[in-house]
Amino acid sequence: MMNITPWNLPAVIAAAALLAACGGSGDGGTGATSGTLRLALTDAPSCGYDAVKVTVQKVRVHQSATAGDADSGWSEVVLTPTRRIDLTTLTNGVLDELGETTLPAGKYTQLRLVLAENDATTPLANAVTPAGAAETALTTPSAAQSGLKLNVDITVTPAQRADFVLDFDACRSVVKRGNSGQYNLKPVLTVTPRLSDAGMRVVGWVSPALVAGDTVVSLQTNGNPVKATPPDATGRFVLYPVPAGTYDLVVTATGRVTAVMTGVPVVTTAYTYVNRETLPIAPAAAASAARSVIGAVNPATATVRALQTLTGGTRIEVAWAPVDALSGAFSFALPVDAPAKTVYTLNPTVLNWTVDAAASGRYTVEANSASVLKTQDINATAAVPTLSFVFP
């Protein structure tokens, strides 16, 4: 059984205690002892993959965080028949509705996403298609058949619906195994409450010049991405669902400076538009080539990312590095040019970007192994020595 702890899980799980009272079940509230749990699936950008497919059998929840697979008390959302879902299609606010179930009211602290097994009958039940390459099976954790475990905090209220979205980060969940041509599935999942379709959503546009590459738009808080997506073919992006709060909007793209919009509000009652199609976010072309940064971590199960602190203290994640499952090797291509920043304005008529020269090329590379962090500051305006992170 796998306990998954992505970068932004603590903030998202804290938000997941909120409820969606937008429908009902039971006896209308008089003496009701049960409620409804509804679940959907979504994805963040899937870097470098044409498709990432998983076959979902069911989702199980339990009121005990330590309950075993065979213990009583499990409630399930069962997909009949099982469904093979391409996670790369679930961006820009698109959700795949998994279903709902009636269950006893109370607090649920364990959730398991149960995937089908790759076997002789369905050898590609879970599979990845690298860009321009053939589809290949994903090696799933041994615990996958009993369920990929998340510790959650979901309260089901009598005669009400608790509505949650599972965010399956395909980019961070697919791990290459050296030059073997094989890939591991190392699931990175978060849980977000879906309070209302009326809000919890940030909408905007990037320049059409950015839609064909690897552009990523993310909402972050203190350097922790909460939701991310690529833009669509028109440059439009939708970040949904996002817990109510105030965020930094970060736009990254190869060959462009990093663009940051601070103070973006998210509410449950209305969409937040950060700009309009005729006033797109258009990060300037970078004057300098991106800096290659390489290194290795031990153990190879650690994760690595690059953070940048802007003048005034705003902290953002600029890049996340895939770690080779065999060697622990990782690499980044980090912008050398200074990032540009602006402040969110309601109904802007112009986007005033300020170049943050003091932050040019300066990053903190952070490695995480079992929630133990190690960091190293680097200056990418010059060649960066090979990095090494070794955990006990």
Side-chain angles (χ1 to χ4, degrees), residues 1-27 29 31-42 54-80 82-83 97-117 140-169 173 185-195 241 243 301 368-372:
M1 186 165 58
M2 172 176 279
N3 191 357
I4 305 160
T5 308
W7 297 110
N8 59 338
L9 185 58
V12 176
I13 293 303
L18 299 172
L19 294 177
C22 55
S25 63
D27 62 4
T33 59
S34 64
T36 302
L37 176 66
R38 184 170 72 167
L39 297 170
L41 188 68
T42 191
V54 295
T55 300
V56 181
Q57 291 184 330
K58 56 188 173 182
V59 182
R60 314 181 77 201
V61 292
H62 202 285
Q63 294 188 358
S64 170
T66 60
D69 183 48
D71 290 348
S72 61
W74 286 99
S75 296
E76 300 180 340
V77 174
V78 180
L79 281 67
T80 306
T82 59
R83 194 151 75 244
E97 299 293 341
L98 298 179
E100 61 181 54
T101 188
T102 300
L103 70 176
K107 182 176 179 180
Y108 291 79
T109 56
Q110 184 182 165
L111 180 148
R112 295 193 194 183
L113 177 66
V114 182
L115 303 180
E117 186 175 2
T140 56
S142 58
Q145 280 66 59
S146 62
L148 305 168
K149 180 184 175 184
L150 290 89
N151 294 324
V152 295
D153 188 2
I154 295 174
T155 300
V156 176
T157 303
Q160 301 294 329
R161 176 185 289 141
D163 203 348
F164 289 83
V165 175
L166 308 182
D167 195 335
F168 202 130
D169 192 330
S173 297
L185 180 66
K186 179 186 174 185
V188 175
L189 293 161
T190 57
V191 181
T192 305
R194 178 169 48 171
L195 300 182
T301 53
N368 183 327
S369 179
S371 298
V372 176

Atom pair CG (Leu185) and CG (Leu148), whose distance is rounded to the nearest 0.5 Å: 7.0 Å
Could you state the interatomic distance from CG (Leu103) to OG1 (Thr33), rounded to the nearest 0.5 Å? 10.5 Å
So do Leu113 and Val59 actually touch side chain to side chain, heavy atoms under 4.5 Å? yes
Can any side-chain N or O of Arg112 pair as donor or acceptor with the backbone N or O of His62 at less than 3.5 Å? no
Do NZ/NE/NH1/NH2 and the carboxylate oxygens of Glu100 and Arg194 come within less than 4.0 Å? no
Looking at Val165, is its backbone amide N or carbonyl O close enough to the side chain of Thr192 to form a donor-acceptor pair, meaning the two atoms are under 3.5 Å apart? no
Side-chain heavy atoms of Asp163 within contact of Arg38, under 4.5 Å: yes
Is there a side-chain contact between Leu37 and Tyr108, using heavy atoms and a 4.5 Å cut-off? no
From CD (Glu76) to OG1 (Thr101), nearest 0.5 Å: 8.5 Å
Run the side chain to side chain contact (heavy atoms under 4.5 Å, CB included) test on Val56 and Arg83 for me, step by step, so that the C-alpha distance in whole Å, both residues' side-chain angles and the decisive distance to 0.1 Å come before the verdict. CA-CA 5 Å; Val56 181; Arg83 194 151 75 244; 5.5 Å; no
Can you name the nearest heavy-atom pair linking Trp74 to Ala67, along with the distance? CZ2-O, 3.8 Å
Kindly indicate, with the supporting measurements, whether the criterion side chain to side chain contact (heavy atoms under 4.5 Å, CB included) is fulfilled by Thr55 and Leu115. CA-CA 6 Å; Thr55 300; Leu115 303 180; 6.0 Å; no
Between the side chain of Ser34 and the main-chain N/O of Ala105, is any donor-acceptor distance below 3.5 Å? no
Minimal non-hydrogen separation, Gln63 against Gly106, with atom names: NE2-CA, 3.8 Å
When Leu111 is tested against each of Asn151, Val152, Leu189 for side-chain contact (heavy atoms from CB on, under 4.5 Å), which residue passes? Val152
Which heavy-atom pair separates Asp69 from Arg60 by the least distance, and what is that distance? OD1-NH1, 2.7 Å
Is there side-chain contact between Leu166 and Leu98, with heavy atoms separated by less than 4.5 Å? yes
Which atom pair, heavy atoms only, marks the closest approach of Ala162 to Ile154? CB-CG2, 4.5 Å
Can you tell me if Lys149 uses its side chain to pair, donor with acceptor, with the backbone of Ala65 under 3.5 Å? yes
Taking the side chain from Gln110 and the backbone from Ser64, do they hold a donor-acceptor pair closer than 3.5 Å? yes
Taking Ser173 for its side chain and Val188 for its backbone only, find out whether a donor-acceptor pair lies under 3.5 Å. yes
